[in-house]
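The structure under discussion appears below in the form of structure tokens.
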Amino acid sequence: MTSSDLRERHRRALGAHTPLFYEQPVHLVRGEGVWLFDADGTRYLDAYNNVPCVGHANSRVASAMADQASTLNVHSRYLHGGVIDYAERLASLHDDSLTTTVFTCTGTEAIEVAMMTARAATGRRGIISTEATYHGNSTEVRKLSDIGRRLAAGAAPDPTIGAVPVPDLASGDLDTHLDFLGEAIEAMAASEQGFAGVLMCSLLANEGLPEIPNGYFAAATDLVHQAGGVMIADEVQAGFARSGTWWGYDRSGFVPDIAVMGKPMGAGLPLAAAMSSEELVGAFRRSTRYFNTFAASPLQAAVGMAVIDEIEDRGLLAQVNDVGGYLLEGVRAITDRPAQMGGIRGVGLFVGIDWLDEHGQPDAKGAVAIANQMKLRGVLMGRSGALDNCLKMRPPLVFEREHADVVLEAFGDVMSSVA
Ligand SMILES: Cc1ncc(COP(=O)(O)O)c(C=O)c1O
């Protein structure tokens with residue numbers, strides 16, 4: 001079967017507009033650590049995927065999954081020690097004020113739980129996020145994810161959603177961005193909806209990892225609390241050691257009322273959660289009859305526990321700081337630097353590089369072309385950002401310096417070919 005046959009079958013079986021990365025999509029058949037292998041045996045270095053955080057086909061995770069699946073897996077309406085152990089272990093990694101967990105299967109669901117919790121606790125509905133964000137794809141969460149597009153199209157946002165410009169030092173200092181937030185909170189509080197809370201990724205990952213004004217999140221949390229709202233940190237990308245601290249909120253210097261986790265949490269098994277205080281979870285539980293068939297299962301707990309064990313036993317926090325710093329410095333040190341290479345930012349094992357056109361304007365298409373060039377050189381990376389022009393390197397946490405060297409060599413080559 002040729003790859004064009006497979007693409008045609010993919011189109012028919014999964015639908016015409018189902019997204020695939022790269023001009024020539026990769027047909028993967030196997031993964032191992034930081035490596036992915038296609039059907040022809042070509043090896044790719046994975047510099048993109050955060051879900052397999054402890055490496056592709058991790059044996060500890062696979063064994064935990066197999067052992068638990070062959071022992072017991074049931075829904076959450078039974079007592080199970082493994083689930084409680086896992087919830088307690090997770091809480092022990094968070095700030096002391098975050099104690100109690102609502103498990104879900106996807107980040108979208110956990111974001112929705114967080115929004116429902118803020119609304120239940122405050123009795124109000126208005127949630128504020130940034131105007132260039134992505135938090136998930138359900139009808140409710142999509143209102144946040146779509147707000148940028150709606151504003152750009154001149155359409156009125158949903159009245160329950162407010163948005164502020166991305167708190168990026170490049171577009172304003174701390175006071176400017178706090179003013180934006182203060183005004184948005186005031187407007188929401190004065191509206192029929194009332195103000196329930198603010199929801200932001202603690203690293204602003206989908207916003208393109210901008211340089212957040214120092215102290216922004218701590219001061220923003222104060223503003224939220226003064227207005228009687230709930231501060232929600234989306235840790236779906238930022239959490240689980242990605243930032244070189246356990247949580248993005250540690251790195252950004254604040255303590256949220258709710259932390260939403262997902263993606264790397266189950267290393268590929270659908271596992272996500274919203275964690276907050278007993279009081280907030282109590283408000284949520286009282287106001288909903290929330291039940292999620294596959295969530296808070298013994299299988300999720302066993303796998304989630306194996307992921308934490310791997311991160312701790314392999315010293316991945318320290319590794320993320322070391323390798324992330326090395327990768328960032330390496331990108332900054334590229335000598336044959338084309339004019340299209342704009343700002344370079346990094347946090348933990350996460351690097352973002354703005355890609356610009358010949359007039360210095362954001363160039364989303366150019367960023368795609370660079371990702372394609374990298375793929376041809378055997379390195380998988382992606383892009384994100386408010387304007388989709390931010391090249392993104394966000395490899396599994398088990399990435400080592402020798403892997404960073406492979407990325408840097410390929411990236412240096414591609415940059416020379418552009419310069
Ligand atoms: C920051 C952030 N929050 C939430 C989500 C939604 O997670 P999921 O795709 O598991 O529903 C995503 C997914 O990309 C995300 O990047």
Side-chain angles (χ1 to χ4, degrees), residues 18-21 48-53 101-118 127-149 161 163-164 166-168 197-210 212 217 231-243 247-249 251-252 256 258-275 290 292-296 300 303-304 307 347-352 381-386 388 390 392-397:
T18 309
L20 283 170
F21 279 161
Y48 178 76
N49 286 294
N50 59 342
V51 171
C53 59
T101 307
V102 178
F103 286 106
T104 65
C105 299
T106 66
T108 302
E109 291 171 336
I111 292 283
E112 192 137 350
V113 166
M115 292 170 75
M116 284 192 271
T117 303
I127 305 278
I128 294 168
S129 64
T130 76
E131 61 188 24
T133 194
Y134 181 83
H135 294 289
N137 58 17
S138 66
T139 305
E140 193 58 24
V141 178
R142 175 164 247 139
K143 292 175 184 169
L144 300 161
S145 302
D146 281 349
I147 194 156
R149 236 168 302 150
I161 304 301
V164 289
V166 176
D168 180 350
V198 162
L199 196 169
M200 288 188 194
C201 166
S202 55
L203 299 180
L204 302 175
N206 288 326
E207 287 84 345
L209 219 60
I212 302 167
F217 273 112
M231 184 70 183
I232 305 166
D234 183 336
E235 294 284 334
V236 169
Q237 285 203 46
F240 286 89
R242 173 60 52 190
S243 67
W247 310 109
Y249 68 75
R251 177 76 185 224
S252 294
I258 307 179
V260 176
M261 297 159 276
K263 287 192 191 277
M265 193 174 181
L269 185 85
L271 169 56
M275 172 171 280
Y290 191 79
N292 188 323
T293 299
F294 301 115
Q300 280 187 330
V303 170
V307 170
V347 46
L349 192 50
F350 203 150
V351 175
M381 58 186 279
R383 67 172 175 150
S384 71
D388 268 341
C390 180
K392 173 159 125 181
M393 298 176 182
R394 189 199 47 185
L397 305 175

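All values reported here derive from a predicted model rather than from experimental measurement. Whatever order the structure lists them in is the order used to number ligands and atoms, beginning at 1.
Counting protein heavy atoms only, atom 7 (O) of ligand 1 is closest to G107 CA, 3.4 Å. For atom 4 (C) of ligand 1, the closest heavy atom belonging to the protein is H135 O, 3.1 Å. Atom 3 (N) of ligand 1 has D234 OD2, 2.6 Å as its closest protein atom, hydrogens excluded (heavy atom only).
When the shell of 6.0 Å around OH of Y290 is examined, it contains more than 12 heavy atoms from other residues, nucleotides or ligands.
Distances below 4.0 Å separate heavy atoms of K263 from the following atoms of ligand 1: 12 (C), 13 (C), 14 (O), 15 (C), 16 (O). Every atom of ligand 1 is numbered from 1 in the order shown, and the set under 4.0 Å from a heavy atom of T106 is 10 (O), 11 (O). Every atom of ligand 1 with a heavy atom of Q237 under 4.0 Å away is listed here by number and element: 16 (O). Residue V236 has at least one heavy-atom neighbour below 4.0 Å for each of these atoms of ligand 1: 2 (C), 3 (N), 4 (C), 5 (C), 12 (C), 15 (C). Heavy-atom proximity to N206, at under 4.0 Å, picks out these atoms of ligand 1: 1 (C), 2 (C), 15 (C), 16 (O). Atoms of ligand 1 found under 4.0 Å from any heavy atom of T108, numbered from 1 in the order shown, are 6 (C), 7 (O), 8 (P), 11 (O).
Between the R394 side chain and the Y48 main chain, a donor and an acceptor come within less than 3.5 Å of each other.
To the nearest 0.5 Å, atom CD1 of residue I128 and atom CG of residue L144 are 11.0 Å apart. Once rounded to the nearest 0.5 Å, the distance linking CD of E207 with CD1 of I212 reads 8.5 Å. Note: I111 CD1 to I127 CD1 = 10.0 Å, rounded to the nearest 0.5 Å.
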Next item on the list: Would you sort out whether S138 and E109 count as a side-chain hydrogen bond (donor to acceptor under 3.5 Å, both in side chains), showing the intermediate values?
Entry: CA-CA 8 Å; S138 66; E109 291 171 336; over 6 Å; no
Next item on the list: Begin with the C-alpha distance, continue with both residues' side-chain angles, and end with the deciding distance and a verdict on side chain to side chain contact (heavy atoms under 4.5 Å, CB included) for V236 and M261.
Entry: CA-CA 4 Å; V236 169; M261 297 159 276; 5.9 Å; no
